[in-house]
Amino acid sequence: MRIYDTMARTRIALDLPHNRVIRVFVCGPTVQDNFHIGHARTYIFFDAFVKYLRTSGYRVFYLQNITDIDDKIIDRANAEGVSYDVISRRYTEEFHIIMSRLRVDSVNFFAHATDHIAEILAQISILIRKGIAYETDDGVYFDISKFPDYGKLWGQNPDTLLSSSDTSATKKNPRDFAIWKKMKPGEPYWESPWGKGRPGWHIEDTAITDRYFGPVYDIHGGGMDLIFPHHDAEIAIERSISGKDRLVDYWIHTGMINVNDEKMSKSLKNFVTIREVLRSYGAEDLRFALLNANFSSSLNYSESLLQEARRNVSQISILYNKVLLKLGDSAKYRMDYDMISSLNSIVRDNMDFRGLFRDVIKLVGSWNADLEHLGKDELNQAYSVLKWVDSFAGIIRKGSSDVTVSGTVELLLNIRKDLRTIKQYQLADSIRSRLLEMGVYIEDNGSDTAWWLNSAEGGDDS
RNA sequence: GGAUAGGUGGCAGAGCGGUCAUGCGUGGGACUGCAGAUCCCAUCUAAUAGGGUUCAACUCCCUACCUAUCCUCCA
């Protein structure tokens with residue numbers, strides 16, 4: 001496999017061991033507000049990435065942090081007149097709901113910053129003892145002059161950086177970053193040897209990864225915008241403590257979502273929330289749209305992007321459901337088809353899901369062309385190929401797995417089939433339209449009828 | 001100013017030194033009780049600008065211009 005690695009600044013061989021668990025860490029969200037499709041892009045990509053590794057036979061432990069204490073959370077809490085943890089709990093819950101609706105379910109463990117204060121304090125102590133961090137009136141800071149490689153991930157020459165806008169006068173260097181922030185009146189706090197306060201952002205992640213993965217692990221991911229200073233700070237902290245020559249073997253960063261060629265962000269008020277999108281589109285549509293691009297390129301968001309994705313998703317899903325209908329109980333998922341291994345070679349090169357989709361759509365077209373003449377083996381191949389793609393991409397809309405729902409739908413469809421046979425079209429059509437209203441999409445193909453749950457059924461808008 | 005990624009047809013977006021993907025869109029046809037879906041054919045005939053290398057450049061090199069991101073919290 002090959003992957004674009006941020007540190008190497010080029011595509012490099014991704015050599016992962018089969019004989020042990022691969023440790024993957026991806027920066028999770030700060031739970032302070034609703035989530036937008038920029039979040040969706042990153043978490044859907046890593047979801048597909050991890051699932052792809054698992055489908056390919058690797059064992060992966062996927063760890064994600066949740067930043068549940070932070071200045072912005074406090075600001076929000078103050079604005080609403082509630083305690084900070086009301087905010088963090090609300091949006092943590094929201095995060096999990098949204099992720100599950102997006103079929104993002106590959107994370108093994110979510111580590112909350114506030115559950116790891118002890119580990120954070122331990123790291124700060126070591127840094128102070130080594131003379132790498134120092135205490136001031138308002139916190140404990142990491143002295144970047146003690147870590148020559150600072151900025152290396154983003155390829156910055158420290159002298160050429162634009163001067164920092166941070167005016168805090170207590171720091172030795174304006175670019176020194178806080179690893180502990182002392183409490184101001186009214187703020188939430190934890191006890192520490194340096195007084196009451198809360199952790200800085202960067203050290204949360206190193207404390208967490210050090211605890212579960214140790215000083216060096218396999219893959220670290222996140223959005224492009226976290227490269228500097230966040231990931232460089234993580235490197236500085238952990239390597240200063242461990243003395244190792246690296247923090248991880250591979251750095252993988254996802255590109256930003258743009259709107260009208262500008263980054264989606266709160267300040268520009270151009271962000272689209274995931275909930276908004278899910279009101280009109282299915283999770284599969286969004287997944288397709290976001291995966292249908294080079295993961296490290298920025299992606300321009302537009303309504304037509306989603307519409308095109310929905311069309312492709314429908315095309316693939318409809319064929320999948322038709323094939324499944326023809327195969328019935330004899331469908332048998334096999335991964336040893338040559339067709340899968342050739343598609344596999346596309347994905348292996350830099351997680352090229354876009355290239356994969358392109359070829360899958362071509363295949364779908366060819367299967368559609370002579371669907372009536374496909375033999376059992378060919379049908380099973382089509383079924384297996386699509387199931388394999390769906391196992392990590394998550395782009396196929398399927399019938400309900402709920403036995404009661406599917407049983408009821410099958411019953412209605414059988415009745416409708418009889419009605420059509422005796423040309424009672426009015427009744428048959430009314431069943432069709434009633435089912436559609438209930439979110440069940442059906443499609444006649446000769447005397448057979450394929451069905452699935454319509455993705456655009458909307459959702460709770462709470 | 002520095003770093004990074006780019007500038008391809010109506011849109012999205014690949015690859016490749018010489019035969020210009022693919023998807024969407026658009027037009028026509030087939031199929032169908034209807035809807036939908038699907039298929040076939042056609043259409044669009046592109047490469048920021050200026051140099052250079054070459055028998056040949058969209059593809060390599062140089063210059064200019066332009067765009068986005070990061071250098072402050074950010075997926």
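All values below come from the heavy atoms of this structure, side chains included, with hydrogens, waters and symmetry mates left out. All chains are named by letter (A, B, ...) in the order of the sequence lines, taking the proteins before the strands, and each is independently numbered beginning at 1.
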On RNA chain B, check which nucleotide each of G38(A) and R11(A) is closest to and give me the residue with the more 5' one. R11(A)
Using the P atoms only, state how far G52(B) lies from A57(B), rounded to an integer number of Å. 12 Å
With rounding to the closest Å, how many angstrom separate the P atoms on A35(B) and G29(B)? 15 Å
How do N300(A) and S296(A) order along RNA chain B: which one's closest nucleotide is nearer the 5' end? S296(A)
In this structure, how many angstroms lie between the P atom of G23(B) and the CZ atom of R358(A), rounded? 10 Å
Check: D218(A) side chain, R23(A) main-chain N or O, donor-acceptor pair, under 3.5 Å: yes
Kindly compute the distance separating CE (M99(A)) from CZ (F35(A)), expressed to the nearest 0.5 Å. 7.0 Å
Answer yes or no: does a side-chain N or O of K263(A) lie under 4.0 Å from OP1 or OP2 of C70(B)? yes
The side chain of H36(A) lies closest to which of these nucleotides: A68(B), G33(B), A75(B)? A75(B)
Sub-6.0 Å ring centroid separation between F228(A) and Y150(A): yes
Check the side chains of H253(A) and T6(A) for a donor-acceptor pair under 3.5 angstrom, ignoring hydrogens and angles. yes
Expressed as a whole number of angstroms, how long is the span from F177(A):CZ to C71(B):C1'? 15 Å
Below 30° counts as parallel, above 60° as perpendicular, anything between as tilted: where do the rings of F49(A) and F46(A) land? perpendicular
Check ion pair E437(A)-R434(A) (N to O, under 4.0 angstrom): yes
Measure up the F177(A) and F142(A) rings against each other and bin them: parallel (under 30°), tilted (30 to 60°), perpendicular (over 60°). parallel
Starting at the 5' end of nucleotides 34-45 of chain B, put B wherever the base has a protein heavy atom under 4.0 Å, S where only the sugar-phosphate does, and a dash everywhere else. BBBSSS------
Separation of U32(B) C1' from K423(A) NZ (nearest whole Å): 12 Å
Atom C1', compared across C16(B) and A56(B): separation rounded to whole Å: 14 Å
Length of the CG-P vector between L356(A) and G23(B), whole Å: 15 Å
Can you tell me how far P in A47(B) sits from the matching atom in G9(B), rounded to whole Å? 8 Å
Go through the side-chain N and O atoms of T114(A) and R198(A) and say whether any donor and acceptor fall under 3.5 Å apart. no
For a quick check of understanding: with a heavy-atom distance under 4.0 Å over all strands, which category does F288(A) fall into, base, sugar-phosphate or nothing? nothing
Pair assignment for RNA chain B - dot-bracket with | for other-strand partners, Watson-Crick or G-U under 3.5 Å: (((((((..(((.....[...)))((((((.......))))))....(((((..]....))))))))))))....
Using a 6.0 Å distance limit plus a 45 degree cone around the ring axis, check whether K172(A) lies over the aromatic ring of Y141(A). no
Over all strands shown, is I257(A) touching base, sugar-phosphate only, or nothing at heavy-atom distances under 4.0 angstrom? base
Could you give the distance separating C44(B) and G28(B) at their P atoms, to the nearest angstrom? 16 Å
On a whole-Å scale, what distance lies between the C1' atoms belonging to C58(B) and G6(B)? 15 Å
Using the P atom as the reference point in each nucleotide, state the distance between U69(B) and G18(B) in Å, no decimals. 35 Å
What is the distance from CG of D70(A) to P of C73(B), rounded to the nearest Å? 10 Å
Counting the atoms with a prime plus P, OP1 and OP2 as sugar-phosphate, which does G155(A) contact under 4.0 Å by heavy atoms, base, sugar-phosphate, or nothing? sugar-phosphate
Identify whether any heavy atom of F357(A) sits under 4.0 Å from a base atom; if not, whether one sits that close to sugar-phosphate; answer base, sugar-phosphate or nothing. nothing
When the C1' atoms of C60(B) and C70(B) are considered, how many whole Å apart are they? 30 Å
Looking only at side-chain N and O atoms, does R354(A) come under 4.0 Å of OP1 or OP2 in U22(B)? no
Expressed as a whole number of angstroms, how long is the span from D232(A):CG to U72(B):P? 12 Å
T42(A), nearest nucleotide to its side chain (from U69(B), A75(B), U22(B)): A75(B)
With a non-hydrogen cut-off below 4.0 angstrom, is M256(A) in contact with a base, only sugar-phosphate, or nothing? base
Exactly one of D71(A), D138(A), D137(A) should register a salt bridge (Lys or Arg N to Asp or Glu O under 4.0 Å) with K181(A). Which one does? D71(A)
Integer-rounded Å distance: G25(B) C1' and R310(A) CZ: 16 Å
Taken to the nearest whole Å, CE/M264(A) to P/U69(B) is 12 Å
Are a donor atom and an acceptor atom from the side chains of Y52(A) and D47(A) found within less than 3.5 Å of each other? no
